[in-house]
Structures are given as C-alpha cells and as structure tokens.
**Q** 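What follows is a structure written as structure tokens; I'll ask about it next.
By convention in this document, chain letters (A, B, ...) are assigned in the order of the sequence lines, proteins followed by strands, and residues within each chain are numbered from 1. Just so you know, these numbers use all the heavy atoms, side chains as well, and skip hydrogens, waters and symmetry mates.
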Amino acid sequence: MIGVGVAGVGIHPFGRFPDHTVTDLGVDAVRAALAEAGAATSPQAAFCGTAYGGVASGHRVLGRLGMTGMPIIDVEAGCASGAAALMLAAASIRSGQYERVLAFGIEKMPKGIIRSSFFEPWQEAAGLTATPAYFALRAQRLMSNSGVTEEDLTAVVVKNRRHGSANPDAMFRSEVTAEAVLHSRMVCAPLRLWMLCSPNEGAAAVVLRRADRDWTGVRLRSSVVLSHLPGPVLSESTPLSGSCDDAIPSPTWRAAQAAYGESDLGPGDLDLVECQDTDAARELLAYEELGLCEPGCSPGLIRDGSTAMGGRVPVNASGGLLSKGEPLGASALGQVVELVRQLRGECGSRQVEGARVGLAHTIGRGANTSVVILTR
Amino acid sequence: MIGVGVAGVGIHPFGRFPDHTVTDLGVDAVRAALAEAGAATSPQAAFCGTAYGGVASGHRVLGRLGMTGMPIIDVEAGCASGAAALMLAAASIRSGQYERVLAFGIEKMPKGIIRSSFFEPWQEAAGLTATPAYFALRAQRLMSNSGVTEEDLTAVVVKNRRHGSANPDAMFRSEVTAEAVLHSRMVCAPLRLWMLCSPNEGAAAVVLRRADRDWTGVRLRSSVVLSHLPGPVLSESTPLSGSCDDAIPSPTWRAAQAAYGESDLGPGDLDLVECQDTDAARELLAYEELGLCEPGCSPGLIRDGSTAMGGRVPVNASGGLLSKGEPLGASALGQVVELVRQLRGECGSRQVEGARVGLAHTIGRGANTSVVILTR
Amino acid sequence: MTAVQEGLFTEGTDPHLIGARCRSCGRQHFPATDTCPYCGADAVDPCELPSVGRLWAWTAVTSPPPGYHGTVPYGFGVVELGDCIRVVTRLTESDPASLHAGQAMRLVLDDVGDGADEPLLSWAFAPETP
Amino acid sequence: MTAVQEGLFTEGTDPHLIGARCRSCGRQHFPATDTCPYCGADAVDPCELPSVGRLWAWTAVTSPPPGYHGTVPYGFGVVELGDCIRVVTRLTESDPASLHAGQAMRLVLDDVGDGADEPLLSWAFAPETP
Ligand SMILES: [Zn+2]
Ligand SMILES: [Zn+2]
C-alpha cells in the first residue's frame, strides 16, 4: 500500500475580493503550496475543484505559473469539489500512477443573484428553491429528534465565531454574543441570519506526494467522496419527494464509515474535526453522523464544551464556515489546510495542543459528501 | 497490470432537442450503456463530463436511475471533458480501486449566445474572442507550412459528410458537394461555414470493467489527457501572446506519443481514427500530430483517399464533428462509442472492415488534449 | 390560469398531485418521471397521490428566492401522504408557530404569479379545517 | 477615451504594448501579469514591446463575437515583435487578400466602442506605409 503525504499547503484568505479574479486567488494559494512543497515536489498532474469557476479554471491558474503540460482536470462536486479533487489526487498516488500531485480549489461567486443550475426554472417559480428553507427543515427535524434547542444552535455560532476570531484567513474575525445571534433576523425558522454561513471567495491548495515509511510529515489516511442513497427527502440532493423510511443511512454517515475503515481509525481517535457548518444545526447533525456521539446526543457535546477549543474534540477550530464563509470549490481544501497546520502545530493562539489525528467533512449539492482523515 | 475492458456503450443522437433536458439525454445514453453491460456490471463509481451541465450534472442523471450512493464526480476539460471522465474511470480500474466504473458525457448548450467563461469581459470588448478566427489563423499556418489548399479543406468536409450520411446518430445526414462547400459563406478566411462544426446537444456513455486475460471484448489500451506547453500562440489555450519557438511540441503530439507508449502500439497499427474536426484544417493537422503521416504531408492523405472509407486508415468514419455536431461534454465519448461499435463490427454500411485498433482524439479549451486507443 | 409546469397536479374541486408508482419495486415518487428514482426501472405508472396528509416538517420563507415572484413570507415544509411518500411543498400557513407535527394538511392549488400577469398555478398544503 | 483595460498599452503619438520580461528566464509575455507564464517566477519587469513587427498569420472576422460592439468585418491576426514574441491582435486591414506574410505592421490605437457611447480604446496593427 503506497502512502500519501502532504508536501505543502497554501490558502488565499476567504472573503470578498472585488479587485481580484478567481484566477488571481488560485495563483496565490497554489504558489504558497508549491513553495512549501519545494521544487523537488513539482506536480505531475493537477485537479482543480470549482463550482462557478467556468471553463478551464485550473488551466487559467496553472497557465499563469507556467505549469501546464501535465493533465489538468477540473472537477465539480458542489461544496465538496475541493475534496473530490483531493480524492482523485490521492487515488492517483496510491495507485502508483504519479508521485506528486496538486489538488486545489478556487471560487468567486458570480456577480448578482446566484441561480443554481441545479434547479429547473419552474421549481424556482413555484418557490421550491430557497436553500435556507431546506436547511431550516433539517434543523427542525434535528430539534425534534435530538432535543436540540435554539440555545444550542446559538452556542454553535458563538463557539465558531470565537474560534474564528483567531484565524487570519477567516472572513469574520469578531466574536459574537448569544444575545446578538438570537436578535439577528429570522431567515427561515428556526434559523436566524447569523446561524447561516455566507457564500464568498477564496482558494486553497494542497500538494500531495508519495510517502514511504520514512515520511515524517502529515499523512492523508483517507479521502472519501460519496453521494446519497435515494429516499431521504431532506438530503442535500433536494428531491421534491422522498420515502418515509427513516433508516436509510445518510451520505455523511456512510462516508465517515468508509473513511474510518480505510484508515483503521475511529471517532475516538480524533483530536479535532473541521465539519460542514453551513448552518448551526448542520454542525450538530455532523456530530451524530460522524460518530462523535451517539445518535440523538449532539446537544450534549455543545453544552459540555466537548467541541470547543480545549474540549475533548474541538470542532471547527478554524472558525468553520460560519467564520470563514464558504467559497464552494475552495471550502473543503480550506478545511484540509487548517488540519495540516494544526497537525504541524503552526496555529498559534488557535492551536489544538498535541493534535495528531484530524477529520474534515463537507456535504454539498449532489449530494456529495466528503470525509478526509489526516494524521501526523 | 490490470486490463480495462469496455462492457457497454450507449449514445443519445447528437443534434438539437428543445423538448429534452440535458438530464433526459444523459439518462438515455446511460441506460443504453448499462443495458449492454448487463446487471452484473453495475458501476461502483461514475465520472460525468460536461462543460455547461451545471451543478451536480452527473447526480441528476444517476438520481433518475436510482444509481446514487457511489462516488459521482463531474469533470470539465472543455471538448475533452468526456475523455477526462474516461481517463479517470480507467485509472481507477487499472489501480485496482474499482472493478466496474461508468463514464458518461452530456451537453446541451445554454439558450442564447454562449459567452465562454474562459475569457475576460475586456477581451470580448476588444474583439479578441472570436473562436473561428483562431481556427482560421491555425488553418492559414497549416496551409503555408504543409501546402494545404482550399480544395483539401473542402475534401475533408465532403469526405466526413459522406461518412456521416450513414450514421443515424449524426445531426447532418446528407452528403455535400465540393461546390456547395466552396459556395458556403466565408466565416473567417480561409474557413467557410460548412468547414466548421456546430455546437449542439447529446450524450454518450461507456461502462468500463476490469478485463482479465479471458476478456474477449473491446479493450481500452490507453486513455491520455494532457494540457499544452507554454509557447505556441495558436494553442487552444488561446493566449494573447506566445513565443517565436516553433519547436515546442503540440499537446496532441505529446498525448499521442504517450498513448502509443502506454499501449505499445503505433500509428501504423491503427485501422481507424476519430479525430477532432472542429474545422476542416484541424483534421488535417491531426494527421500530422497523430503521426498518420510525416509533418507537412497531410494533404497527401486526403488527396489519395487514405483517410476515406476504404482507405488505409479511415478518419471519422462516424462523419466526425462536421456531421455529428459537437456537444462538448459528450463529444469525446461519442468518438469512443463509434470506435467500440466499429471494433465489434456493428456499423453496417459505414463499417470499417476488419477493424482491430482504433484511436480517438479531441482537443478543447484549456488546452486539453485527449488520445484514447481501443483494441479488439 | 396556467400551471407552473404541466403534469404536476390535477385541477378541479379535489385536486391531487400526480406521482408515479414503480411496477418493479412499488415505490412512489413525485413529480412523475419515466424512470424509478429508487430502482431505475422504466416501467412506472402515473398515480394520484392522496390529497390529505400529515405535516412532518415546516418553516417559513421570508425573502423571495431567485425566480419566485409570488408573495412572501410563505410557509414551506414536508407533508407525509399515505405511508410511503413525503412531499416538499409550500404551505398556506406562513407562521411556523401556528403549525404542529402530525397536523392534518390538505392539498390546495394557489397562485404563485406576480399579481400583474395571468395567475400561475402551483400546489400548496393548507391546514385541514376540522 | 477610455482604454478597454488598464495597463495594456501606452498612449500618445508612438504607442507601445506593455508586456513584461521575466528576470529569471528572460522571456517576454503580453499582457503583463505578475508571474512568468513560462517558468512561474514572480520577478517580472514591465517592458514596452516594439511598435513595429512582421505579420505572421491573419484572417478577418465577419460577425461580431459576443461582447464586441465595434465594427465588422475586422482584421485579426498574429504579429511577431522583435525576435521572441508573437502577439494576437486586431488588424486595421479587413481584406485578407491585401495582406502578405512578413509584411511590416505598426501598432495603432483605435476605437472598439459602439459609436454611441464614449470611444473605447484598444490596440490593432496597421500595414506600415512605406
Ligand atoms: Zn422502482
Ligand atoms: Zn520566466
């Protein structure tokens, strides 16, 4: 079995950058990752994750760096696009096809209102495409199934914004109070404005390399991308109907199981987790789906501080999407960059002490779920 | 070395289908490929090539068929998108990761004028984004370097339309005369309207499987995707400047060399070729880049009938893009479907007798070049 | 009155959503497509879904999503019809506090147009009046 | 007069395109970016390209491409400037038969606007008058 190591990471801060093209953002992140990896790790192939980057996004970035001539493949898997790029890059090393591969993700939302190509025009006209409404329905089900309260949702926001205040690459770097969260505008009950993440812009890059026994750096232990099973009506595949069978496993649960199986690690081994907090309830649901707690027990983890900095398994030490915002194609690799830096002990005031095992999780339109496990 | 076999292929005819969504087209092609492959070859992962399909294109097709739950990755590589999907699918079988994988490509051009996201708005305003003008400049250089004449360009169109008249999946199924071609409107000298292919709609699908020694069906021997080297000003990466060094190899030449190397086959072994004839000159250039003739000798092949049906190596027996039209994401896999059917001897009046070795070539924005070699 | 899309519902005094039932696996889906989204079979029969069901999840949309020209706020939720299908739907009730889990809901057709042009007919579920 | 984009060319009686030369590999590119598209180095110096060159390839565009509001037909081609850079350009001559390989061409600035609004300045090459 060929091992996969992380030779270098780079990130362009997440935020809004009206004076920079998506290519500019990508060049920054890729240059930084290449500089860390060093000249001896020049990539033999590249995978670029993006949802809105347009035709030949990866080539435009690598063309600016004189790095074309190799296979350059753009991949799209919604918010998991960057993770899909990473998965393909890792697979090509594990298979022995390449020794050094670049995975990067870039995003800059198009100007004006984004009309997802995922929906048909009649679904828009019928009022069936309000994304936060689907999040809200899922939140409501979690509240009724697991006893999550409005205070718990608020606590997730307060925690992540506190974590994010120490992350120079985050868009929002100020803490918020529970009171302020509870007084923010109700978007779709039970979700208020500050409980929802903002789509934004950014880029992140990871250089992977073949890692033999003597590799002492961070290792990529598993990198799974899976889609949903038919049935669940509130799956991120947003069907207009579903079955009444509540036993169908979610894609996050399945991806996590696959990733634990691949890496011979379990939820008890994790020192930190970066998970999809597109809304505050989505983070709590991830606790259950990733096995950080038993089903129905997510409120316990937020109430007792287990997932806050200093707790048993800090979740979203980076501040999460609630602090960083969500540049779709870059989002999943942004999590990976954070984990790599945490495992290297480079995170200063937001460092999770002694972190050896980290997990990153995203779920996006498709549905595509990714679970990545890294170790030091 | 694990072998890769073609278990089934399917195609939705290329053309214009205002009453069908891109998902409808994909469902048709995928169903047909799955039916050929049989239930025992149900895929473990899927790669969907598309340029304009939008978010989660592959999931929308496979969701209609109850086939989600596996990794489903959308890939974009311009006109080579389908080939990129095939390359990733093949690599995942060669590496032992999967035994059965689906690759498909779908396209339906958006309504109205297509503004490629490849260019910046100022490049449009400056008149620098007329795609046929770039084709025309390349054609002019080929005419001056290889002695290609207007009659040779016309002969390519006449040949391909004659071939296409026997292909029920082509958009144009009528022959044309040289005189009619020469009287069609001048778009960008030396290219006239009928010398240019039309973007259109369609879908194609290929089910790949692990092929051990006892597999007697069609084999995928190589599947290469490469981007361009910096320098050539008329590369399909459409830079606004380039170097004066004419010795920099083209991506098609490099991809062909890589594919020949992988398969231990050479241009002399080919029984037929499907190549990128986005314009008539592009086909002649491919003769030289693929090694069907020496550099500078492409006119000879079209003049002596070597690349016509019945010749030494028929090129575009399907009618090529000049007859089929070009649904970007589906185009490269449409070529593969044709080759598979030719190698199986299923092509009726357009059958290349005794075909055992076929090559498919595409080049698209990026630039991305693909070369695929199939054998029986 | 034009429907927002053909084939979604029957009109008249007792409207029904038009789903499809798979001949192979028996499961129902909505809107009707020509393949079964559970098993992929292409033999499916159109069927009318029950017009009364139970509320399973709900919220309210406070800002109009892109492409929607009807009024806001509007209710939004999931209703269980029979024992095997849950359907995503607008709700006529836009105050989440006025609704409760398992509440009986009945299909109605209403206007999602912009009020200026011809009415645009779509479906919603309304609390069943006892 | 506004330029179609900042930083593409100098204006005045003897205009020049603004490229950049890589400090590491010495190669020139246009338009100037902050990295070298040949070797990736980030140390590049802006430089003015020669204003006279030789015609290397040419055609004419007969239909306006999307986003272009100037006149048609217009000439289009590639001009070699000095001994190491080829530049894609509009040409002032839109009859391909009036041009020949190696012909001397000089940079000019002209209007690609729609004629109604303020002129929109871009570059083209014109046959050098002897
Ligand atoms: Zn079924
Ligand atoms: Zn350089």
**Q** Does any backbone or side-chain atom of A/L88 lie under 4.5 Å from a heavy atom of chain B? Answer side chain, backbone, both or neither.
**A**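 Only the side chain of A/L88 comes within 4.5 Å of chain B.
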
**Q** Check whether any side-chain heavy atom of B/R254 sits under 4.5 Å from a side-chain heavy atom of B/L229, and report yes or no.
**A**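 Contact flag for B/R254/B/L229 side chains = yes.
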
**Q** Supply the atom-to-atom distance B/I106 CD1 to B/L333 CG, rounded to the nearest 0.5 angstrom.
**A**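 That separation rounds to 11.5 Å.
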
**Q** Measure B/A46 against the heavy atoms of chain A and call it side chain, backbone, both or neither at under 4.5 Å.
**A**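 Contact with chain A involves no heavy atom of B/A46 at all.
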
**Q** Go through the atoms of A/P251 and report whether side chain, backbone, both or neither lie under 4.5 Å from a heavy atom of chain B.
**A**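 Neither part, no heavy atoms under 4.5 Å.
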
**Q** Heavy-atom distances under 4.5 Å only: say whether B/E76 touches chain A with side chain, backbone, both or neither.
**A**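 For B/E76, heavy atoms of backbone and side chain both lie under 4.5 Å from chain A.
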
**Q** Given that the side chain runs from C-beta out, which part of B/T21 has a heavy atom under 4.5 Å from chain A: side chain, backbone, both or neither?
**A**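 The side chain, not the backbone.
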
**Q** Name the region of A/A255, side chain, backbone, both or neither, that has any atom closer than 4.5 Å to a heavy atom of chain B.
**A**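 Neither part.
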
**Q** Determine, for B/D24 against B/R64, whether the closest basic-nitrogen to carboxylate-oxygen distance falls under 4.0 angstrom.
**A**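 The answer is yes: the pair qualifies as a salt bridge.
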
**Q** Considering only heavy atoms, which portion of B/M67 lies under 4.5 Å from any heavy atom of chain A: side chain, backbone, both, or neither?
**A**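 Looking at B/M67, nothing touches chain A.
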
**Q** With chain A, which of B/A51, B/G58, B/P71, B/S57 has the greatest number of heavy-atom pairs at distances under 4.5 Å?
**A**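 Highest number of heavy-atom pairs under 4.5 Å: B/P71.
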
**Q** Test A/S235 against A/S237 for side-chain hydrogen bond (donor to acceptor under 3.5 Å, both in side chains), laying out the working first.
**A** CA-CA 5 Å; A/S235 150; A/S237 68; 2.9 Å; yes

**Q** Ignoring hydrogens and geometry, is there a side-chain-to-backbone donor-acceptor pair from B/E236 to B/A367 under 3.5 Å?
**A**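 Here the side-chain-to-backbone pair does not exist.
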
**Q** Kindly indicate whether the side chain of A/P199, heavy atoms from C-beta on, has any atom under 4.5 Å from the side chain of A/L328.
**A**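 Sidechains of A/L328 and A/P199: no contact.
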
**Q** Examine distances only and state if a side-chain atom of A/Y134 and a backbone atom of A/L128 form a donor-acceptor pair shorter than 3.5 Å.
**A**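 Checked: pair present.
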
**Q** Heavy-atom cut-off 4.5 Å, strictly under: side chain, backbone, both or neither for A/T50 against chain B?
**A**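 Interface part for A/T50: neither.
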
**Q** Between B/S95, B/A56, B/G69, which residue shows the highest count of heavy-atom pairs closer than 4.5 Å to chain A?
**A**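 So the answer, after comparing B/S95, B/A56, B/G69, is B/G69.
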
